[in-house]
Engineer: 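Structure below; questions to follow.
Chain identifiers are assigned alphabetically (A, B, ...) following the order of the sequence lines, protein sequences preceding nucleic acid strands; residue numbering begins at 1 within each chain.
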Protein chains: 2
Amino acid sequence: MTRVLVVDDEPALARALAINLRAHGYDVDVASDGRGALAAASTRLPGLVVLDLGLPDMDGVQVVEGIRGWSTVPVLVLSARHEQAQKVAALDAGADDYITKPFGMNELLARVRAALRRASPAEPPLARVVTGSFVVDLAAHTVVAGGRDVRLTPTEWHLLEVLVRNPGRLVLQRQLLQEVWGPQYGNESNYLRVYVSQLRRKLEPDPPRPRHIITEPGVGYRFEP
Amino acid sequence: MTRVLVVDDEPALARALAINLRAHGYDVDVASDGRGALAAASTRLPGLVVLDLGLPDMDGVQVVEGIRGWSTVPVLVLSARHEQAQKVAALDAGADDYITKPFGMNELLARVRAALRRASPAEPPLARVVTGSFVVDLAAHTVVAGGRDVRLTPTEWHLLEVLVRNPGRLVLQRQLLQEVWGPQYGNESNYLRVYVSQLRRKLEPDPPRPRHIITEPGVGYRFEP
DNA sequence: CCATGGCGTCAAGGTCCCGTCAAGGCACCT
DNA sequence: AGGTGCCTTGACGGGACCTTGACGCCATGG
């Protein structure tokens, strides 16, 4: 089964994570600081890293950078609420997803499964994405919501396409902006707000309470199938 | 099961192919020259064509072009080693794959399966497209709208053909331009505007409010059956 | 408790693209 | 040579789309 590296300086939380992950069939290594994390990542070659940002010896971002220097292993970041800035920096550095403490173990396990599923051998390029509310046909360039064809403007479509091609995955604001508007756009998050709003109005059954185009405040958006 | 058209002028090879394909559950038609191949392709509507390039009456490339004129059926080319140039020309003309003689029957069967798999989810090769307002016969090269034959210029027909071959799918402006006008045309979208307008005037019941030739602003056009 | 920042929503302005018409030029047929 | 399509090209309204600013709301933090 897959090997998971848990990096956390709180022994209680580290143990809880290890027990739960082992109970679901993963092999688990544990490190309690940044140096140990980098050492374990390079020697044990885990298939996934769960990384708590609050470490005693070094910044969590440095750990992510240290791993990304030589590996593409998925990194799942745990962050306390006051570590907002670090969290964004860690995602920018190449982390794949994050969970805010406190969190439910079921949510963590789901994120672990999702990250591993994405990392596994080249998912076939999907041509059609189906949700409970709408269907996106990437090949035909069409969207059907509530049984009716929906007309999208080029920008709306492009934005939806990027989100939908990363199902379940967090997509950073900067990433979306550069993909849809161009490399020189990185901070005009107001564009995102306007177009996400329009997409939800056209696609979500209850736009004020979106179920598929989810906001990750301060970070980005996530498409949930 | 799928119908396969075998085109080969060597009776021994043609028979061997037919026997092996039938043994694997395909329905097989056989043609021994180019004229017969084109006739069989248009009347029997095979799901795959196995085409030997060395034909007595016409160039194999012409056969491919003749088929591609109205159909997207996968074409698998058989070529002798010295027919290298023809093979490339055939692929350029729209053939999907090739096998060099001599070849093993297992390899051919694998290529056949691969070609069919690519073609599926297979729209049955459409030779006639019907909408609420007009009928396009791709084989006969005719259009009937409102009970009357419609005369189309070559460019109009070519444009309509590309759209109609991609029912329900968005076709990009550049794609249309390069397909109809040639590879060096990519940005002269004014051509499209003129000819789309003419097509709508000839085909749509209410040209200002088209129901079948739909504009996707800034992107391309879409044919809706 | 209030202040703050990010988010969602709306409306208005300006720009770009689309549809349409008409004239010129070229090739082919008679 | 003349005539007849057909393709190309320019001009011009009208509409769709993108951008931008303003405002209210909620959650977070002091």
Engineer: Do other residues, nucleotides or ligands put more than 12 heavy atoms under 6.0 Å from A/R3 CZ?
Structural biologist: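 Yes, the 6.0 Å shell around CZ holds more than 12 heavy atoms from other groups.
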Engineer: Output the rounded distance in Å from CG (B/D206) to C1' (C/dG19).
Structural biologist: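 That distance rounds to 14 Å.
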Engineer: Between D/dG5 atom P and B/K202 atom NZ, what is the distance in whole Å?
Structural biologist: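 Result: 12 Å.
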Engineer: Does a nitrogen or oxygen in the side chain of A/S197 sit under 4.0 Å from OP1 or OP2 of C/dT9?
Structural biologist: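 Indeed, a polar side-chain atom of A/S197 lies that close.
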Engineer: Is there a side-chain contact between B/R200 and the phosphate of C/dG19, meaning an N or O under 4.0 Å from OP1 or OP2?
Structural biologist: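 Looking at the OP1 and OP2 atoms of C/dG19, one of them is under 4.0 Å from a side-chain N or O of B/R200.
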Engineer: When the distance from CZ of A/R201 to P of C/dC7 is rounded to whole Å, what number comes out?
Structural biologist: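 Result: 19 Å.
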Engineer: Let me know the distance between CG of B/L199 and C1' of C/dC18, rounded to the nearest Å.
Structural biologist: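 One finds 16 Å between C1' of C/dC18 and CG of B/L199, rounded.
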Engineer: Are more than 12 heavy atoms, taken from residues, nucleotides or ligands other than A/N187, located less than 6.0 Å from that residue's CG atom?
Structural biologist: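 For A/N187, atom CG is not crowded (no more than 12 foreign heavy atoms under 6.0 Å).
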Engineer: Can you find a heavy atom in the side chain of A/D27 that is under 4.5 Å from one in the side chain of A/V4?
Structural biologist: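 When only atoms from C-beta onward are counted, A/V4 and A/D27 do not touch, as no gap falls below 4.5 Å.
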Engineer: Side-chain contact test, heavy atoms from C-beta onward, threshold under 4.5 Å: evaluate it for A/Q198 versus A/V196 and give yes or no.
Structural biologist: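 In short, these two side chains do not touch, never coming nearer than 4.5 Å.
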Engineer: Could you check whether any side-chain heavy atom of B/T142 comes within less than 4.5 Å of a side-chain heavy atom of B/V136, counting everything from C-beta outward?
Structural biologist: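 B/T142 vs B/V136: side chains apart.
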Engineer: In whole angstroms, how far is the P atom of D/dC7 from the NE2 atom of B/H158?
Structural biologist: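 The distance from NE2 of B/H158 to P of D/dC7 comes to 12 Å, rounded to the nearest Å.
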Engineer: Determine the contact category for B/E216: base if any of its heavy atoms lies under 4.0 Å from a base atom, sugar-phosphate if only primed atoms, P, OP1 or OP2 are that close, otherwise nothing.
Structural biologist: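 Result for B/E216 = nothing.
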Engineer: Less than 4.0 angstrom between a side-chain N/O of A/T215 and OP1 or OP2 of C/dG8, yes or no?
Structural biologist: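 For A/T215, the contact criterion (side-chain N or O under 4.0 Å from OP1 or OP2 of C/dG8) is met.
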Engineer: Estimate the overall bend of the helix from C/dC1-D/dG30 to C/dT30-D/dA1 from the end axes over five pairs each, rounded to 10 degrees.
Structural biologist: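 End-to-end axis angle: 20°.
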Engineer: Distance check needed: D/dT8 P versus B/L159 CG, whole Å only.
Structural biologist: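 In whole Å, D/dT8 P and B/L159 CG are 12 Å from each other.
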Engineer: Would you indicate whether the side-chain heavy atoms of A/L48 and A/L5 approach each other to under 4.5 Å?
Structural biologist: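 No; the side chains remain at least 4.5 Å from each other.
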Engineer: Could you state the CG-C1' distance from B/L192 to D/dT8, rounded to the nearest angstrom?
Structural biologist: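 Those two atoms, CG and C1', are 13 Å apart.
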Engineer: Would you mind building the protein contact string for nucleotides 9-30 of chain D? One character per nucleotide, 5' to 3', B for base within reach (heavy atoms under 4.0 Å), S for sugar-phosphate only, - for untouched.
Structural biologist: B-------SBBB-------SS-
Engineer: Could you give the distance from OG1 (A/T131) to NE2 (A/H212), rounded to the nearest 0.5 Å?
Structural biologist: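 These two atoms lie 4.0 Å from each other.
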Engineer: Please check if the number of heavy atoms outside A/R68 that lie under 6.0 Å from its CZ is greater than 12.
Structural biologist: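 More than 12 heavy atoms, drawn from other residues, nucleotides or ligands, come within 6.0 Å of this atom.
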Engineer: I'd like to know if the side chain of A/E156 reaches the main chain of A/T153, judged simply by a donor and an acceptor atom lying under 3.5 Å from each other, with no hydrogens or angles considered.
Structural biologist: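 Yes; judged by distance alone, with no hydrogens or angles, the pair exists.
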